[in-house]
Amino acid sequence: MEENDCDSWEKASDNEDSYVDEIDEEDYYMSGFISKLQFRKDISKAHWNNELGMAEVVEKKGKMWTTTGIVRNGKTYCSIEETLFLAEIGALYLLDNNDLCLPLKEIYEKIANEKSGCSWEIFEVYRHVKSLGYVVGRHGVPWTMKIPKGRDINITSDPVSLQVTPKRHGVMDVEPKEESSLVTLFDNIQINEVRPVFDVYLPNRKFKKSCPGDPSFLLYLTCKVCPPSKAEIEVLERQCGSIPLKFCHVEQD
């Protein structure tokens, strides 16, 4: 009988030093001490939600949750890139409907089908930047959402709960659908396949999802081998205001 991945990871954890758990998450990322499947003593758990294309965290362990995942109605949700990154470093078990641990192969397949707003290129960018110690969030997706008094928003049914809307320091206010649709329209404007993918913050132990402030820079992914032209960059800079831009390109094998 095959052993469940979660069981094998837990057994290995009992025989390993708990070094990873004892050091600060930020220092861990920045030290370069990161590779696929690092065994940990305390591992978080999450359930995958196909409708949302995100994982709902059901058990949080460690300090990483101060800079990972978005908060909606008191619950924490991880994007597919966050989910895979944490699974790769052994910090998260992704569970199916029977509470069985999904193997990494199945999480990779979720990236490959590109149905959760993430491609291999985007994941490679996220993994690289996150491994350097930066705080990384999807561009335009607020870390938290302020809910008007007396209104209970169900994340699985209310389209505005994950919709891109104007935000103040990363906290989203619920708005009429007409306004949010207009914002989405403008956010979807792209210049020659150049688009912002992540809001990136410098490593900061005092980072708060409730008040993250402006990102240190916006990270753009370009599918072109050559960087954007000067004119294109000037247009993007006007769109981003005072926030610096950085561009990245993922080489294809």
Side-chain angles (χ1 to χ4, degrees), residues 5-6 9 12-13 19-21 23-50 52-71 75-96 101-139 141 143 162 196-205 207 209 212 215-216 219 221 246 248 250:
D5 282 359
C6 291
W9 289 7
S13 298
Y19 173 69
V20 174
D21 295 298
I23 62 178
D24 186 89
E25 290 288 336
E26 184 179 304
D27 294 336
Y28 171 65
Y29 294 142
M30 296 183 70
S31 67
F33 182 67
I34 189 168
S35 62
K36 291 183 180 179
L37 194 55
Q38 295 289 343
F39 295 112
R40 294 166 178 245
K41 183 178 179 180
D42 296 319
I43 302 175
S44 301
K45 297 179 181 179
H47 281 283
W48 183 254
N49 186 313
N50 281 320
L52 290 177
M54 303 185 78
E56 180 182 343
V57 183
V58 295
E59 187 174 337
K60 293 192 285 187
K61 300 283 186 69
K63 301 177 182 178
M64 60 193 176
W65 298 109
T66 60
T67 59
T68 304
I70 62 172
V71 179
K75 296 181 179 180
T76 300
Y77 297 85
C78 287
S79 64
I80 183 60
E81 61 269 20
E82 292 172 321
T83 301
L84 178 54
F85 178 81
L86 294 177
E88 281 192 337
I89 65 174
L92 179 71
Y93 290 153
L94 185 61
L95 309 176
D96 62 15
C101 186
L102 294 175
L104 280 174
K105 179 182 178 182
E106 291 193 26
I107 308 178
Y108 289 135
E109 289 173 353
K110 293 182 185 299
I111 292 281
N113 64 32
E114 299 187 7
K115 292 182 179 180
S116 302
C118 183
S119 63
W120 275 114
E121 289 80 8
I122 292 176
F123 174 68
E124 290 286 353
V125 171
Y126 177 86
R127 179 166 56 185
H128 176 72
V129 178
K130 186 70 174 179
S131 299
L132 294 176
Y134 290 98
V135 178
V136 186
R138 280 198 185 185
H139 174 69
V141 177
W143 293 93
L162 283 177
V197 288
F198 295 118
D199 295 337
V200 183
Y201 302 77
L202 294 177
N204 181 4
R205 289 180 176 84
F207 178 87
K209 292 179 181 178
S216 300
L219 192 57
L221 177 66
K246 290 185 182 296
C248 61
V250 178

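Given the structure is predicted, the values throughout are model-derived calculations rather than measurements. Both backbone and side-chain heavy atoms feed into the values below; hydrogens, waters and symmetry mates do not.
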Task: Partner residues of Glu59 under the salt bridge (charged side-chain N to carboxylate O under 4.0 Å, His left out) criterion, sequence neighbours left out - done: Lys61
Open item on the list: The criterion is salt bridge (charged side-chain N to carboxylate O under 4.0 Å, His left out); which residues satisfy it with Glu106, sequence neighbours excluded?
Closed with: none
Open item on the list: Among residues at least two apart in sequence or on other chains, which ones pass salt bridge (charged side-chain N to carboxylate O under 4.0 Å, His left out) with Glu121?
Closed with: none
Task: Ile43 to Leu92 - nearest heavy-atom pair and separation - done: CG2-N, 3.6 Å
Task: Side-chain heavy-atom pair Leu221, Cys248 within 4.5 angstrom cut-off - done: yes
Task: Shortest non-hydrogen separation from Cys78 to Val57 and the atoms involved - done: SG-CG2, 3.9 Å
Task: Side chain proximity check, Thr67 to Lys130, heavy atoms < 4.5 angstrom - done: yes
Task: Nearest heavy atoms of Gly133 and Pro203, plus distance in Å - done: O-CG, 3.2 Å
Task: Residues that His47 engages under side chain to side chain contact (heavy atoms under 4.5 Å, CB included), provided they are two or more places apart - done: Val58, Leu95, Asp99
Open item on the list: Let's go through Ile80 and Ile107 carefully: what are the C-alpha distance in whole Å and the side-chain angles of both, what is the deciding distance for side-chain contact (heavy atoms from CB on, under 4.5 Å) to 0.1 Å, and is it a yes or a no?
Closed with: CA-CA 8 Å; Ile80 183 60; Ile107 308 178; 4.0 Å; yes
Open item on the list: I'd like to check the salt bridge (charged side-chain N to carboxylate O under 4.0 Å, His left out) partners of Glu81; sequence neighbours left out, ordered by chain and number.
Closed with: Arg138
Open item on the list: Is the shortest side-chain heavy-atom distance between Thr83 and Trp48 below 4.5 Å?
Closed with: yes
Open item on the list: A side-chain contact here means heavy atoms from C-beta on lying under 4.5 Å apart; do Asn50 and Lys115 qualify?
Closed with: no
Task: Shortest non-hydrogen separation from Leu86 to Trp65 and the atoms involved - done: CD1-CH2, 3.6 Å
Open item on the list: In the structure I gave you, are the side-chain heavy atoms of Trp120 and Ile111 within less than 4.5 Å of one another anywhere?
Closed with: yes
Task: Distance in Å, Thr76 OG1 paired with Glu56 CD, rounded so as to fall on 0.5 Å steps - done: 9.0 Å
- [ ] Give the minimum heavy-atom separation between Pro212 and Phe207, together with the two atoms involved.
- [x] CB-CE1, 3.4 Å
Open item on the list: For Pro196 versus His139, what's the shortest heavy-atom pair and its separation?
Closed with: CG-CD2, 3.5 Å
Task: side-chain contact (heavy atoms from CB on, under 4.5 Å) assessment of Lys246 paired with Leu219 - done: CA-CA 5 Å; Lys246 290 185 182 296; Leu219 192 57; 3.9 Å; yes
TODO: Would you check if Phe123 and Ser79 make a side-chain contact, meaning some heavy-atom pair closer than 4.5 Å?
DONE: no
- [ ] Give a yes or no answer on whether the side chain of Ser216 reaches the backbone of Leu202 with a donor-acceptor pair at less than 3.5 Å.
- [x] yes
Open item on the list: Can you list everything that forms a ring pair (Phe, Tyr, Trp, His ring centres under 6.0 Å) with Tyr126? Sequence neighbours excluded, please.
Closed with: Phe85, Phe198
Task: Euclidean distance, Asn113 CG relative to Ser119 OG, rounded to 0.5 Å - done: 11.5 Å
TODO: Report yes if the side chains of Val250 and Val125 come closer than 4.5 Å at any heavy-atom pair, otherwise no.
DONE: yes
Task: Heavy-atom side-chain contact between Tyr93 and Ser44 under 4.5 Å - done: no
